[in-house]
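One structure is given here, and the rest of the page talks about it.
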Amino acid sequence: KNEVEQSPQNLTAQEGEFITINCSYSVGISALHWLQQHPGGGIVSLFMLSSGKKKHGRLIATINIQEKHSSLHITASHPRDSAVYICAVQAPMNYGGSQGNLIFGKGTKLSVKP
Amino acid sequence: DGGITQSPKYLFRKEGQNVTLSCEQNLNHDAMYWYRQDPGQGLRLIYYSQIVNDFQKGDIAEGYSVSREKKESFPLTVTSAQKNPTAFYLCASSIGQGGGYEQYFGPGTRLTVT
C-alpha cells in the first residue's frame, strides 16, 4: 500500500505554463515536505508545511489537512524547473520502522520544454 | 560552506564484499539518516540516528549496518547479507530527529554490485 500518492507520475509542459503537482496521503501527519531532485540525484528541500500555504518565488505549496491533500504549483515554468518533485509526510511515532520520520511518495517527473 | 558530503559518487563492488559509504556533515545537526532509492520507488529509510552513539533501524535495515561515533559522521556499511544492494544511497541530516524538521541531503552515492 502507498501511504503517499503523487499525481501525475510524469508531466511535460511548455515554458511559461502553470504547473500543478498533487499529493494525497493516508496517514495522519504533523508536517508535509516538498522536495526537488535534480537529474544528477541531489535533493533540495523546497517547503515544509503543516497548514495553509507557503510561497517562495514562483513556487507555491498548499495543504488541506481535512482532505489529506497537498499541491505544489509552479508559475511561469522554465526549463530549469525540470526535475523530479517529491512529496513526503511525517509518519506517526509508532508507525512501523518510520517512527516519526518521513514517508516518501514516488515522485513526479517534470519536463519543461522551451 | 555548510553542507553534507557523500563519497564516492559512484562505487562498484563484487558480490560478497562489504562496502562502506561515507557521509559527513558540518551543519552541527544532531540527526542523520540513510535512505535508499530504487527506480520507480520512493526513498526508503534504512537507519537513522538522533544523536551521537545512538542509532535506530528504519524500514529496510536488513543487510546494512551503521555507526555514529562522531556528530559529523554517519557511515553506512552494505554487507554481503543485503540481497539487492545495487541502488542510489542518500544521506541526510536535520537539527532534530523526525519529519517535523527540514532535512538536508547529500549528493548521493550510486552503488553497483555485480
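Within every chain, numbering begins at 1; the chains are lettered A, B, ... in the order of the sequence lines, protein sequences first and strands thereafter.
Rounded to the nearest 0.5 Å, atoms OH (Y33(B)) and CG (L102(A)) are 7.0 Å apart. Here R44(B) contributes atom CZ and F104(A) contributes atom CZ; the two are 12.5 Å apart, rounded to the nearest 0.5 Å. The distance from the CG atom of L43(B) to the CD atom of Q37(A) is 6.5 Å, given to the nearest 0.5 Å. Considering CD of Q103(B) and CD1 of I43(A), their distance stands at 9.5 Å, rounded to 0.5 Å.
In this structure, W34(A) is a member of the same hydrophobic cluster as Y25(A), with clusters built from ILVMFWY side-chain heavy atoms closer than 4.5 Å. Hydrophobic clustering (side-chain heavy atoms under 4.5 Å, transitive across Ile, Leu, Val, Met, Phe, Trp, Tyr) keeps W34(B) apart from L45(B). Hydrophobic clustering, with ILVMFWY side chains joined whenever heavy atoms are under 4.5 angstrom apart, keeps L35(A) apart from I60(A). Hydrophobic clustering (ILVMFWY, side-chain heavy atoms < 4.5 Å, transitive): M48(A) and Y104(B) are in distinct clusters. Placement of I60(B) and M32(B) within a single hydrophobic cluster is found when ILVMFWY residues are connected by side-chain heavy-atom separations under 4.5 Å, directly or transitively.
Atom CD of E15(A) sits in a crowded spot, with more than 12 heavy atoms from other residues, nucleotides or ligands closer than 6.0 Å. Counting non-hydrogen atoms of neighbouring residues, nucleotides and ligands closer than 6.0 angstrom, the NZ atom of K68(A) exceeds 12 such neighbours. Within a 6.0 Å radius of OH in Y101(B), other residues, nucleotides and ligands contribute 12 heavy atoms or fewer. Counting non-hydrogen atoms of other residues, nucleotides and ligands closer than 6.0 Å to CD of E62(B) gives a total of 12 or fewer. In I65(A), the CD1 atom is crowded: over 12 heavy atoms of neighbouring residues, nucleotides or ligands sit closer than 6.0 Å.
Among residues 79-92 of chain B, the residues having any heavy atom closer than 4.5 Å to a heavy atom of chain A are, in sequence order, F88(B), L90(B).
Looking at Q6(B), there are no atoms closer than 4.5 Å to chain A (heavy atoms on both sides), in backbone or side chain. In this structure, no portion of L32(A) lies under 4.5 Å from any heavy atom of chain B. Heavy atoms closer than 4.5 Å to chain B are found in the side chain of I86(A), but not in its backbone.
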query = Between V44(A) and F105(B), does a side-chain contact (heavy atoms from CB on, under 4.5 Å) hold up when you go through it step by step?
reply = CA-CA 7 Å; V44(A) 173; F105(B) 289 81; over 6 Å; no
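Note: Q37(B) leads Q37(B), R110(B), K9(B) in heavy-atom pairs under 4.5 Å with chain A.
For E102(B) against H33(A), the heavy-atom pair with the smallest separation is CA-CE1, 4.1 Å. Here the shortest heavy-atom pairing between G100(B) and A31(A) reads CA-CB, 4.2 Å.
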